[in-house]
Structures are given as structure tokens and as C-alpha cells.
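On a predicted model such as this, the values are computed, not experimentally measured, just so you know. Reckoned from all heavy atoms, side chains included, excluding hydrogens, waters and symmetry mates.
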Amino acid sequence: MSQVKKVGIIGFGTVGSGVYETLLTKKEKVEKIIGSQFSIPVILVKDKQKQRDISGETAVTDSFEEFESLADLDAVVEASPDATTAYPFVRRLLQKGITVITANKELVAKHGEELLNLAAIYNCRLFFEAAVAGGIPVLTSVRHTLKTNDLERIEGVVNGTSNFILTKMREEGTAFQTALEEAQEHGYAEAVPDKDVDGWDAYYKTTILSHWIYGKAPVWLTEKPAGIRGTDVRDLLLADHLGGRIKHLASLEKNGNTITASVGPQFVLNDHPLYGVEGVNNGIHVKGSIVGSLLFQGAGAGKFPTASAVIEDLINFWSYTSEKAPLFEDHHEAPQLSGVNQEDEETKIKPEYSGVWLVTGKQLALQLEGQRAVEKLSAIKRLEGREAVLVKGKKHDVTAAMSTLNDTVRFYPVCGELQSILQLNAVTERSVS
């Protein structure tokens, strides 16, 4: 075998420890694949006095300078908790020509373009498969197996915490706060869960997908991502009565040279591939110009699923089988939540469900009376003082018409085939007549 390869690990929490344990458990298989022996000579931690199950062959340090000097590393797994912690470490490593593999979606979303450019300059790589959907190899699969396809639309359940909470609420009728507390007990949600439940985690991942696939940041359709905080459990149960489920989705759409993005709760019809993505699972639905509809589904988080994606990146680097880094357009601006004029929305993004909405709230029948700009598509469903209806119309017309009599109204874009909506409309008309 050739010279021993050396990888260091920054951070020894859930992901870092999972990578370490898996590399040791699968050592013989990994060495056979890469045609070389490897070692893990050093791990960087915040508190080196803490007891950890680490081999005597691996040094533990809380000094980055010592981490750099202890071994001649050719790769580093970065598993720190946020972009602020990770950025200076990763930047310095790339400037030294050391390849970095990370699962840090905030780091890649905020600094990915700069760091990828540094990697190119210093002849090394930045890998981040695990940053988007945990153990699902969506980035590698899209770049490796869909080279001739134009990807017209990408949408996904990319935050396992939000998906678990919504599933729990719908299946058991529990309130949002109760489901969140259970997610925290299981380790699916952090003690401070804001990035997950307020949509920022999905925002980071959507930004990464846009850069990876299209080479640029998207234009965001809203001023900020929408999360699931405060979701009314009755909305989830009413949605079920109307043939779908409310899920927290991230969406990218390509129209000409414009890439638009959104993050927030949507009403997913039961014919849609993402309808069955439940619990902590993630799912990425890709629509290609040749292949059509594809679904990538699996564990989106967790110790070993995320470790799996990190290690596959490492093996691809060591075995020289990795995909090329994404090419970026000639600009250096960080992705912004720019928003678009509502009047121009339908010219910017024209999904299959364009103009169809699930509206929940009170006194919906009164608000629909005499409306010409908003078309009612279903019977009004009622549950414990709350109502739901499917309507069709431009967003600003629907918002204006349905918000006049109460401040509890919510609007969910409808995600699914237009044909299903038309069939639902036909059934509703027959049942009413």
C-alpha cells in the first residue's frame, strides 16, 4: 500500500464522534477501497479534559495551532456547531492546501463561494455532501448521474426537526410546543431550536443546493424564510380532510436564467412524491428535463447517517473519484433574502400548483362571498372552530380577500399535479350539486 493518509477531526460532538467511530469500525474496508492505510492522528475539541472514548494513537487538543502542528494532515473533517466557529479554521486549512470535509450547512451557505475559490487557488478541495440532507447522497447523485438533464425544479423536506414535529402533531393531535419538547427529548431538536423551526436551516440548505446545481445564489420570493413555529394542529388535521398534508418545504425553480427560491409550509397533495416523507426523514424531489421526476429519501440527520455522508466524501477524495467542485458565476455577493414584487411573482416562478392555495382561519365563507378574483375549489371543512378551503387566485388577491375578517388566517401554497386539483374540484362540484 502507498503512504499512510492522515485525517484530523475538528469537533467531537454527534457528527465528529460518529465519523471517528465509523472510520475505526470500517477501517479494513476503507483501506481496501482507497488502496492505502490511514490514521486519525489528532482531534480538536473545546474541552480536552472531558472523558472521551478515543484511541491512544489519537491526540486530543484544544489548541488549533497544536492541531495543525501535530501531524502532516492531508484532510480534515470539520464538525463544529456553527459558521462562526468553523470559518477561521476552514479558511486557514484551505490556505495551507489541506482538503476539508464538512457537514456545516451554515458555513457553506454563508462562506461557500469564498472557501471553494480558496480551495481552487491552493489546489485542495472543500466537500459538503452532508450539509444538505444528512445521509442522503443528493449532491453527488445529482452532479454524477444527471449531467445531461436541465433541473427545472427542486423541492424538498430538508429539515428533519420540523418534519418530525409536524408529523407528531398530525398523527397524535399534539400542540406545537408539546411536539417540539418531544423532539428535544429525542435529540432531534437543539435546546435552542430557532434555526430549525424558524426556517433558517432549510434556507442554508436551499442556498447550498442552488450554488451546487446552478452556480449562483437564488432570488428569494419572500423577505425571510417561513418556519413552523406556532402552527395550529387543527390546520394539519383539516389538511388531511382535503387530501393532503402540510409540510415544511424548500423549493428552487429555474426560469430562463433566473433561479427563485422559497422556504415555508406548503400543502402537499397525496399524489406528490414528498407526501409520504414522514418523521425525521428528509426527501428531495428533483424534476429533470429528460429523466422526469426523481425522489431521494432517507435519514436527513443523526449521528451515523451524517457520518456516512462525511466519510463517503473523504473516501471519494482519497480514491480520486469525487465530482468536480461547482463553478460559480463571476460575482462574490453573499446570498440575500431579496424578495420580489408580488405583482411579478407569477412571472418569476410558475410551479405546477401556481395560484392554488389552502387557506385556514375563520369566517371563510363570508370572505369568499362576491369574490371574482378568487375561485373556490373545495367545500369548506370545519374543525373545533377553525375552517379550511382550497382556492385559486393570485397571491395578493387571495391575501386581500381572505384576511379581512380575522387575523388568524394562514395561506399554504398547494404542491402537486394540477390534474389532481381539477379532479378534486370536480368531485366537490358533484357533491355540492
Side-chain angles (χ1 to χ4, degrees), residues 105 108-110 112-113 132-133 138-139 142 146 149-159 162 198-227 247-269 272-274 283-289 292-294 296 326-358 392-399 411-418:
K105 77 279 292 184
V108 181
K110 290 183 175 180
E113 186 171 349
V132 171
V138 63
L139 298 184
V142 165
L146 299 175
N149 277 261
D150 294 321
L151 300 186
E152 303 162 355
R153 182 168 178 80
I154 301 157
E155 53 200 357
V157 175
V158 296
N159 183 264
S162 294
D198 292 332
W200 290 102
D201 176 81
Y203 162 74
Y204 297 140
K205 293 172 179 177
T206 307
T207 301
I208 294 169
L209 276 169
S210 183
H211 276 298
W212 179 260
I213 295 168
Y214 301 114
K216 60 183 177 182
V219 175
W220 288 87
L221 291 173
T222 55
E223 292 301 322
K224 63 179 181 179
K247 292 188 174 294
H248 191 257
L249 297 192
S251 301
L252 285 170
E253 178 108 2
K254 185 175 187 296
N255 289 285
N257 293 322
T258 301
I259 311 301
T260 50
S262 65
V263 164
Q266 295 189 25
F267 178 66
V268 179
L269 291 169
H272 193 280
L274 294 174
I284 308 289
H285 177 234
V286 176
K287 185 177 180 183
S289 58
S293 177
L294 292 176
F296 299 88
L327 298 175
F328 290 94
E329 292 189 343
D330 188 19
H331 63 80
H332 302 283
E333 296 180 0
Q336 299 293 323
L337 289 166
S338 54
V340 296
N341 188 305
Q342 293 296 343
E343 295 290 339
D344 298 332
E345 180 174 333
E346 291 188 9
T347 66
K348 289 286 187 180
I349 184 167
K350 295 181 179 179
E352 298 166 65
Y353 54 77
S354 180
V356 180
W357 308 85
L358 170 67
K392 183 176 182 181
K394 293 181 179 179
K395 184 174 183 180
H396 63 276
D397 290 333
V398 173
T399 303
F411 304 92
Y412 303 93
V414 176
C415 187
E417 295 289 343
L418 184 59

Which distance, rounded to the nearest 0.5 Å, do you find between the [atom1] of [X] and the [atom2] of [Y]?
{"X": "Thr399", "Y": "Lys394", "atom1": "OG1", "atom2": "NZ", "answer": "13.0 Å"}
{"X": "Ile213", "Y": "Asn149", "atom1": "CD1", "atom2": "CG", "answer": "11.5 Å"}
{"X": "Lys287", "Y": "Ile154", "atom1": "NZ", "atom2": "CD1", "answer": "12.5 Å"}

Ignoring hydrogens, what is the shortest heavy-atom contact between [X] and [Y]? Give both atom names and the distance.
{"X": "Ala250", "Y": "Thr206", "value": "CB-OG1, 3.1 Å"}
{"X": "Ala217", "Y": "His211", "value": "N-CE1, 3.4 Å"}
{"X": "Thr207", "Y": "Ala109", "value": "CG2-O, 4.0 Å"}
{"X": "Ser262", "Y": "Leu221", "value": "CB-CD1, 4.5 Å"}
{"X": "Pro265", "Y": "Pro413", "value": "O-CD, 3.6 Å"}
{"X": "Leu252", "Y": "Pro218", "value": "CD2-CB, 4.0 Å"}

Is [Y] close to [X] at the side-chain level, that is, under 4.5 Å between some pair of heavy atoms?
{"X": "Glu155", "Y": "Leu274", "result": "yes"}
{"X": "Lys254", "Y": "Glu152", "result": "no"}
{"X": "Trp357", "Y": "Lys395", "result": "yes"}
{"X": "Lys247", "Y": "Cys415", "result": "no"}
{"X": "Val132", "Y": "Phe296", "result": "no"}
{"X": "Tyr214", "Y": "Leu151", "result": "yes"}
{"X": "Leu139", "Y": "Leu209", "result": "yes"}
{"X": "Val157", "Y": "Leu249", "result": "yes"}

Please answer whether the main-chain N or O of Ala226 pairs with a side-chain N or O of His248 as donor and acceptor at a distance below 3.5 Å.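 Yes; at least one donor-acceptor contact below 3.5 Å.
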
Output yes when a side-chain donor or acceptor of Ser210 lies under 3.5 Å from a complementary backbone atom of Lys216, and no otherwise. yes

Ring geometry between Tyr203 and Trp200 (parallel below 30°, tilted from 30 to 60°, perpendicular above 60°):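 Rings of Trp200 and Tyr203: perpendicular, as their planes differ by over 60°.
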
